Novice: 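One structure follows; several queries about it will come next.
None of these values were measured; they are calculated from a predicted model. Naming convention: chains lettered A, B, ... in sequence-line order (proteins, then strands); numbering from 1 in each chain.
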Amino acid sequence: MRFACVSVLLFVSVGCWGTGSPPLGAVTGIVTLDGKPVSGARVTFQPRDGGRGSVGMTDAEGKYKLNYRQGEPGAVVGLHSVSITTAERESRDKDSKPSESRESIPNSYNEQTTLTAEVEPGGTEIDFPLDSKAKSMAPVVSFSGKSVKASEH
Amino acid sequence: MRNRLSPRQRGFTLIELLVVIAIIAVLISLLLPAVQQAREAARRSQCKNNLKQIGLGLHNYSESFGSFPPGMVEVFSSGDQGNWGWAAMILPQMDQSALYNQINVAGYSLGDALLDATKIAAMRNGFPVFKCPSDTGPDITDRDINPKGMTSAAQNVYLCRANYAGNAGSWRMYKTKADAAAAGRDIGCVNGIFWANSKCSFKDVTDGSSNTILVGERCYSQAQFGPDSVGTSTQPHGAHIFGGATSVSNTYYGMADVTGVGESFINGAAYPRNSFNSLHVGGAHFVMVDGAVRFISDNIDHNKSTAAIDSAYERLLGRDDGQPVGEF
């Protein structure tokens, strides 16, 4: 009888399996441009070793939180390229023209990004103090409070 | 005889009975979720079959005419007036010759067909091959098209919802290469199989037909496209079978009604309207140019931030990037 109970439990536990996501680490932070918080910016983390990236949008205080998928916050653990953009390619109102003119962040932070960030298991807080006059210089990015020089491509 | 009626014979004890009931309960509780999964598995099979049919229809069209159909036959480029899409072109190859003749795809633009109430009724019915059974969206889409010469919002016409969009390239959506160039873009744009007035054929798919996506899924709406973070509340809105409006005022020039690109991750939240997504958990179905239907995981390597074709998913969407993909 005890044996029967144990074997039933084993049977049940064998039936459970994971969802197949790679290891994720939670990422939050604040995006500022010349010291002022940027709202409505799309922050995209792209893993350097390939795979699905994570996206977050900044709120009025410039705070973002990355989502890997809906209901799965975080980003793949490891080194990421980061791009930050405010251009809205899709009009919310379906009959208005989409515009890319809203871009207020220099090119070197989005399409030709040189920003990188390391996502660690557990929680990582990564702030992006951006500079509107930045060209292709490597910007200074702070990881978890400490300032680190971001590496170039 | 006497032995069988022996007084030693006894029934179950209460404990034994309870154990048996408990085991049966556990087994049933295992079975019930499996039944739900079997239903979703059946819907997936149906969706795969739909894509297979669409792939075969496109192959038959290509055999007859020497190329894949145009993504959109651009007759009107203003005022949301309707143009035929690629799926309308393959109706005869999909066993829908009667519908093809009834709405007169050969003779007129979609804008002309929308002047006729009986043709509108036929197009609002649609047919099931273009619908993914897992999609919970309404039968009639909320993406409007206008009849020829009628451009006010009051004259909008709404047709049936579809779930399959042609591959328009690996990064961003434009009507043509010329339009992309006008916006200062080239790489990763208009490098799929379908664009406005396209005549892409097998020989143009230089990466190999098993390495290039032909048609993929687009769902109508999904909880994950909700406002999980500020500003990402757009929904994919599904696709159109019969066509769309390539007017400048329309989002993505209406090409998003019939085609998709790799601007967002599979089942991703940003720009789902012009990308590929489904209600199947963990990915979406695609039919490759060679006719094989593949379920591509949403964990696939995809770098959407830059124009460069530098990830597996972008290589699958690009037909001539020179970087075939092995396993994916």
Novice: Step by step, work out the side chain to side chain donor-acceptor pair (under 3.5 Å) result for B/E40 and B/S134.
Specialist: CA-CA 7 Å; B/E40 172 56 17; B/S134 291; 3.2 Å; yes
Novice: Closest approach of A/V119 and A/G25, non-hydrogen atoms and distance?
Specialist: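 A/V119 and A/G25 have their closest heavy atoms at CG1-O, 3.8 Å.
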Novice: Determine which residues belonging to residues 307-315 of chain B lie within contact range of chain A, meaning some heavy atom pair is under 4.5 Å apart, and list them by number or answer 'none'.
Specialist: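 Counting heavy atoms that sit under 4.5 Å from chain A, no residue of residues 307-315 of chain B is involved.
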Novice: Given the options A/G51, A/G50, A/P47, A/S83, which has more heavy-atom pairs under 4.5 Å with chain B than any of the others?
Specialist: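 Most pairs with chain B among the choices: A/G51.
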Novice: CG of A/D49: more than 12 outside heavy atoms within 6.0 angstrom?
Specialist: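 No - once you tally the heavy atoms of other residues, nucleotides and ligands closer than 6.0 Å, there are 12 at most.
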Novice: What part of A/Y64 gets within 4.5 angstrom of chain B, counting heavy atoms only: side chain, backbone, both, or neither?
Specialist: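 Neither part.
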Novice: Taking only residues two or more places apart in sequence, or in another chain, which ones meet B/S297 in a side-chain contact (heavy atoms from CB on, under 4.5 Å)?
Specialist: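 Result, side-chain contact (heavy atoms from CB on, under 4.5 Å) vs B/S297: B/N299.
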Novice: Hey, is CD1 on A/I30 packed in by over 12 heavy atoms from elsewhere, all under 6.0 Å?
Specialist: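 Yes.
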Novice: Kindly determine whether B/Q155 and B/N146 satisfy side chain to side chain donor-acceptor pair (under 3.5 Å), including the steps that lead there.
Specialist: CA-CA 6 Å; B/Q155 292 156 322; B/N146 277 23; 5.2 Å; no
Novice: Does the cation-pi check pass for B/R185 over B/Y174, that is, NZ or CZ under 6.0 Å from the six-membered ring centre and within 45° of its axis?
Specialist: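 Relative to the ring axis of B/Y174, which defines the angle, B/R185 lies outside at least one limit.
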